[in-house]
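Input: a single structure, listed below in structure tokens.
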Amino acid sequence: MKIIGTMRAQDRDGGVVRVEDVYETSVDDLWQACTSPDRLARWIAVVTGDVVVGGEVHAVFTSTWSGPVRIDACDAPSHLLLTMEPGTDDETQVEAWLTAEGSRTRLVVEERGLPAGALPAYGAGWQAHLEDLGRSMDVAGPVHADSWSEHEPASAWHGRWTELTPHYRDARATEDCFRSPSVGEVGMTRVCSCPLRYLT
């Protein structure tokens with residue numbers, strides 16, 4: 001099972017997941033896939049609202065997560081910064097970077113402020129999302145045959161999340177073992193790992 005994410009502690013109670021992959025498309029095309037409501041609806045979320053910097057949109061993810069999202073930065077075609085559920089106890093930040101690598105483009109997505117105990121679930125969810133992004137590029141269209149809502153996830157996304165979550169949980173447990181005081185600090189990179197979001 002290929003794991004494309006990493007995880008690290010942010011503070012005593014929270015953490016960060018970071019996922020990345022490379023896509024066989026231009027940076028401009030991938031930017032559109034990550035920012036255009038029509039393209040987002042093909043693979044991750046239905047987005048409505050004021051899609052401008054400083055504006056707030058409402059999103060319903062394939063994972064069932066739904067809520068307000070503030071657009072804090074949108075520097076085409078390389079950088080996006082969002083605040084999920086701004087002003088609430090569940091507020092997190094999602095940041096994405098796009099980098100051209102010849103004819104391909106690397107996408108890195110990081111979500112910060114997540115509950116530490118739920119990092120494997122979030123990591124698995126983001127990996128499933130990025131895999132759906134790749135499939136949307138392959139078929140040049142929607143990747144979910146069924147619809148989704150805040151009550152019912154997209155079935156293919158949920159199936160993949162269910163498959164991935166134990167692997168992320170195992171990776172987290174292995175990491176905790178190596179980080180245990182009985183083993184000592186080994187300088188190990190935290191290996192494990194946008195939004196439920198992934199607990200359905």
Side-chain angles (χ1 to χ4, degrees), residues 1-8 10 15-47 51-53 57 59-63 65 69-84 92-114 119-144 148 153-154 156-157 160-161 163-165 167-168 171 189-198:
M1 178 71 66
K2 180 182 179 182
I3 300 297
I4 64 171
T6 59
M7 176 177 59
R8 68 179 189 273
Q10 184 175 10
V16 179
V17 294
R18 182 184 180 97
V19 290
E20 64 179 283
D21 209 347
V22 178
Y23 298 88
E24 298 286 345
T25 192
S26 68
V27 66
D28 290 317
D29 183 53
L30 191 62
W31 177 259
Q32 287 299 312
C34 293
T35 58
S36 165
D38 288 343
R39 295 286 295 274
L40 289 166
R42 294 181 182 183
W43 63 280
I44 189 171
V46 173
V47 176
V51 189
V52 296
V53 175
V57 299
V60 181
F61 280 70
T62 54
S63 63
W65 182 88
V69 181
R70 188 180 67 227
I71 303 170
D72 297 318
C74 188
D75 305 314
S78 59
H79 178 240
L80 183 67
L81 178 63
L82 309 172
T83 298
M84 318 293 283
T92 66
Q93 279 197 320
V94 174
E95 194 161 12
W97 299 268
L98 292 75
T99 308
E101 296 184 355
S103 63
R104 306 195 300 170
T105 304
R106 181 176 299 277
L107 172 65
V108 178
V109 177
E110 183 174 280
E111 185 165 14
R112 300 183 291 271
L114 298 168
L119 290 179
Y122 281 89
W126 271 114
Q127 175 162 339
H129 283 321
L130 264 61
E131 290 177 352
D132 284 343
L133 172 58
R135 292 198 297 130
S136 77
M137 295 291 183
D138 292 339
V139 303
V143 299
H144 297 289
W148 66 87
W157 178 91
R160 182 59 172 158
W161 173 79
E163 181 181 23
L164 285 166
T165 298
H167 296 276
Y168 275 89
T189 300
R190 289 182 173 266
V191 178
C192 167
S193 185
C194 73
L196 170 130
R197 299 189 188 92
Y198 304 128

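In what follows, residues are counted from 1 in the order of the sequence shown. As the structure is a prediction and not an experimental result, all values here were calculated from the model.
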Residue list, salt bridge (Lys or Arg N to Asp or Glu O under 4.0 Å) with Arg160, at least two apart or on another chain: Glu131, Glu163
Locate the shortest heavy-atom distance separating Thr165 from Ala124; write the atom from each residue and the value. OG1-CB, 3.5 Å
Indicate whether any N or O donor in one side chain lies under 3.5 Å from an N or O acceptor in the other, for Arg39 and Gln32. no
side-chain contact (heavy atoms from CB on, under 4.5 Å) involving Thr25 - partner list, sequence neighbours excluded: Tyr23, Asp29, Leu30, Met137
Leu164 and Met1, any side-chain heavy atoms less than 4.5 Å apart: yes
Provide the closest heavy-atom pair for His167 versus Ile3 in the form atom of the first, atom of the second, distance. CB-CD1, 3.9 Å
Are any of the side-chain heavy atoms of Glu20 and Leu107 separated by less than 4.5 Å? no
side-chain hydrogen bond (donor to acceptor under 3.5 Å, both in side chains), that's the test. Do His129 and Trp157 meet it? Break it down for me. CA-CA 7 Å; His129 283 321; Trp157 178 91; 3.3 Å; yes
CA sep, side-chain torsions, deciding dist, call: Glu95, His79, side-chain contact (heavy atoms from CB on, under 4.5 Å): CA-CA 7 Å; Glu95 194 161 12; His79 178 240; 2.6 Å; yes
Locate the shortest heavy-atom distance separating Val69 from Ala59; write the atom from each residue and the value. CG2-CB, 4.1 Å
Side-chain contact test, heavy atoms from C-beta onward, threshold under 4.5 Å: evaluate it for Trp65 versus Pro153 and give yes or no. no
What are the two closest non-hydrogen atoms of Leu133 and Ala33, and how far apart are they? CD1-CB, 3.9 Å
Nearest 0.5 Å please: distance from the CG atom of Leu82 over to the CG atom of Leu80. 4.0 Å
Which pair of heavy atoms, one from Ile71 and one from Val57, lies closest together, and at what distance? CD1-CG1, 4.2 Å
Kindly compute the distance separating OG1 (Thr92) from CD (Glu110), expressed to the nearest 0.5 Å. 11.5 Å
Mutual orientation of the aromatic rings belonging to His144 and Trp148 [parallel < 30°, tilted 30-60°, perpendicular > 60°]: perpendicular
Side chains of Leu130 and Val109: does their closest heavy-atom pair fall under 4.5 Å? yes
Between Ala156 and Arg135, the two heavy atoms sitting closest are CB-NH2, 4.3 Å
Can you name the side-chain contact (heavy atoms from CB on, under 4.5 Å) partners of Ala100, sequence neighbours left out? Val27
Is there side-chain contact between Ile44 and Asp132, with heavy atoms separated by less than 4.5 Å? no
Any side-chain heavy-atom pair of Arg106 and Leu98 under 4.5 Å: no
Report the C-alpha separation of Cys74 and Trp31 in whole Å, then their side-chain angles, then the decisive distance to 0.1 Å, and conclude whether the side-chain contact (heavy atoms from CB on, under 4.5 Å) test is met. CA-CA 10 Å; Cys74 188; Trp31 177 259; 3.5 Å; yes
Flag the pair Ser78 / Thr99 as yes when at least one side-chain heavy-atom distance between them is below 4.5 Å, and no otherwise. no
Side chain proximity check, Gln10 to Leu114, heavy atoms < 4.5 angstrom: no
Can you see whether Trp97 has Arg18 sitting over its ring - NZ or CZ less than 6.0 Å from the centre and within 45° of the normal? yes
Report yes or no: do Arg42 and Ser136 form a side-chain donor-acceptor pair below 3.5 Å? no
